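Here's the structure we're looking at; comments come further down.
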Number of protein chains: 2
Amino acid sequence: MEAAIKTEEFLPLREPTFFILLSISNQKKHGYAILQDTESLSGGKIKLSNGTLYGALTRLLDQGLIERVPSDEPAASGKPRKAYQLTRTGASVLQAEIERLENLVRTARRHLPELTG
Amino acid sequence: MEAAIKTEEFLPLREPTFFILLSISNQKKHGYAILQDTESLSGGKIKLSNGTLYGALTRLLDQGLIERVPSDEPAASGKPRKAYQLTRTGASVLQAEIERLENLVRTARRHLPELTG
DNA sequence: TGTAATATGTCGATAACCGACATATTTAAT
DNA sequence: ATTAAATATGTCGGTTATCGACATATTACA
């Protein structure tokens, strides 16, 4: 059988990392676009700091959850932007994280039936 | 109006802290019972380390999210166990965290409609 | 011309977590 | 009776992701 990727090793994701992966899950983006997208996705609640963003990108590249790809955008002045997209592993991890979150909510609701929110 | 508690200041909770609060949300427990309950609640997936547990209990007491209460259990040999229960603030924080998790899942499913899992 | 937005990055501090170690009591087995 | 396992609480040092502050260059616009 295939060498199964142990997605659990990467879980749980912290909130900023979760949004970074989610942000690029439907299309590749460069750093600054991830910043804006995360703020938009979270309804303005979450504003990633630069330290978090670029630190996480470096880490995620290293872990093989994301990869660098050439940007579509006008390369303009010989300075190509850095676009990132999910790898298959990254997509698996994101999906596993969503399932983990759903389990968490289910467990909590089971344990606290009075909170039907 | 009442001095509203800013539950958001305590969020997001990390996984161990979430389970600690959830564990004592329906009845007071002492440390070791929280350890066992968390393992049970998580289907055996999560085993809190002692460092995490007692560190978190100290922190949560300090933050006013939990409080010490006398234990029902047989005090036995003059050594009273330390039982903990949620404060109102703690209950609010737990509820807010559950809602945050639900929002996260909703946002992710909206952004990734293909993952209907 | 200048200023805001875009875009990428570094650095030091903080906070929560983890595993390892320590220790005492209680229960159950041999 | 002795031992071993489970119960119960705690400390310590190390690791890691995050954060805000700082730095810098380019592009768009007023």
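Only a predicted model underlies this, so the values are computations on that prediction, with no experimental measurement involved. So you know, we letter chains A, B, ... as the sequences are listed, proteins then strands, and number each from 1. Values reported hereafter were calculated over all heavy atoms of this structure, with side chains retained and with hydrogens, waters and symmetry mates removed.
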**Asked** Do A:T7 and A:T89 have side-chain heavy atoms sitting under 4.5 Å apart?
**Response** no

**Fill in**
Out of D:dA17, D:dA21, C:dC18, minimum distance to the side chain of B:S49 belongs to C:dC18

**Request:** Check whether any side-chain heavy atom of A:L41 lies under 4.5 Å from a side-chain heavy atom of B:R110, and answer yes or no.
**Result:** no

**Asked** What residues form a side-chain hydrogen bond (donor to acceptor under 3.5 Å, both in side chains) with B:T52, not counting sequence neighbours?
**Response** B:S49

**Request:** Report the distance from atom CD1 of B:I20 to atom P of D:dT9, rounded to the nearest whole Å.
**Result:** 13 Å

**Asked** Given D:dC19, is OP1 or OP2 found less than 4.0 Å from the side-chain N or O atoms of A:T52?
**Response** yes

**Complete:** The correct set of residues in residues 33-48 of chain A placing a heavy atom under 4.0 Å from DNA chain C is A:Q36

**Request:** Scan residues 34-45 of chain A for pairs that pass salt bridge (charged side-chain N to carboxylate O under 4.0 Å, His left out), counting only residues two or more places apart or in two chains.
**Result:** A:K29-A:D37, A:E39-A:K47

**Item:** Interatomic distance, B:N50 CG vs D:dT7 P [rounded to whole Å]
**Value:** 13 Å

**Message:** Is A:R59 close enough to D:dA17 that one of its side-chain N or O atoms is under 4.0 Å from OP1 or OP2 there?
**Reply:** yes

**Item:** B:L65 vs B:L86, side-chain contact (heavy atoms from CB on, under 4.5 Å): CA-CA, chis, key distance, verdict
**Value:** CA-CA 6 Å; B:L65 304 193; B:L86 282 186; 5.7 Å; no

**Fill in**
So salt bridge (charged side-chain N to carboxylate O under 4.0 Å, His left out) across residues 84-95 of chain A, not counting sequence neighbours, yields none

**Request:** In whole angstrom, give the distance that lies between atom NZ of A:K29 and atom P of C:dA7.
**Result:** 13 Å

**Prompt:** When the distance from OH of A:Y54 to P of D:dA21 is rounded to whole Å, what number comes out?
**Reply:** 18 Å

**Request:** Take atom CG of B:L53 and atom C1' of D:dT7, then tell me their distance rounded to the nearest Å.
**Result:** 13 Å

**Request:** Just call it for A:G51: base, sugar-phosphate, or nothing, with non-hydrogen atoms closer than 4.0 Å on any strand.
**Result:** base

**Request:** Name every residue in residues 7-17 of chain A that has at least one heavy atom under 4.0 Å from any atom of DNA chain C, in order of residue number, or write none if there are no such residues.
**Result:** none

**Message:** Between P on C:dA15 and CG on B:L60, what's the gap in Å once rounded to a whole number?
**Reply:** 14 Å

**Fill in**
Rounded to whole Å, the NE2-P distance (B:H30 to C:dT26) equals 13 Å

**Prompt:** So do B:Y84 and B:K28 actually touch side chain to side chain, heavy atoms under 4.5 Å?
**Reply:** no

**Prompt:** Should B:Y32 be listed as having a side-chain N or O under 4.0 Å from OP1 or OP2 of D:dT7?
**Reply:** yes

Cut-off 3.5 Å, no hydrogens considered: what does the side-chain donor-acceptor table look like for residues 8-22 of chain A, sequence neighbours left out?
| from | atom 1 | to | atom 2 | distance (Å) |
| --- | --- | --- | --- | --- |
| A:E15 | OE2 | B:R100 | NH1 | 2.5 |
| A:T17 | OG1 | A:R59 | NH2 | 2.8 |

**Asked** So, are B:R106 and B:E99 salt-bridged, with charged N and O less than 4.0 Å apart?
**Response** no

**Request:** Send over the distance from B:L57 CG to C:dA15 P, rounded to a whole Å.
**Result:** 18 Å

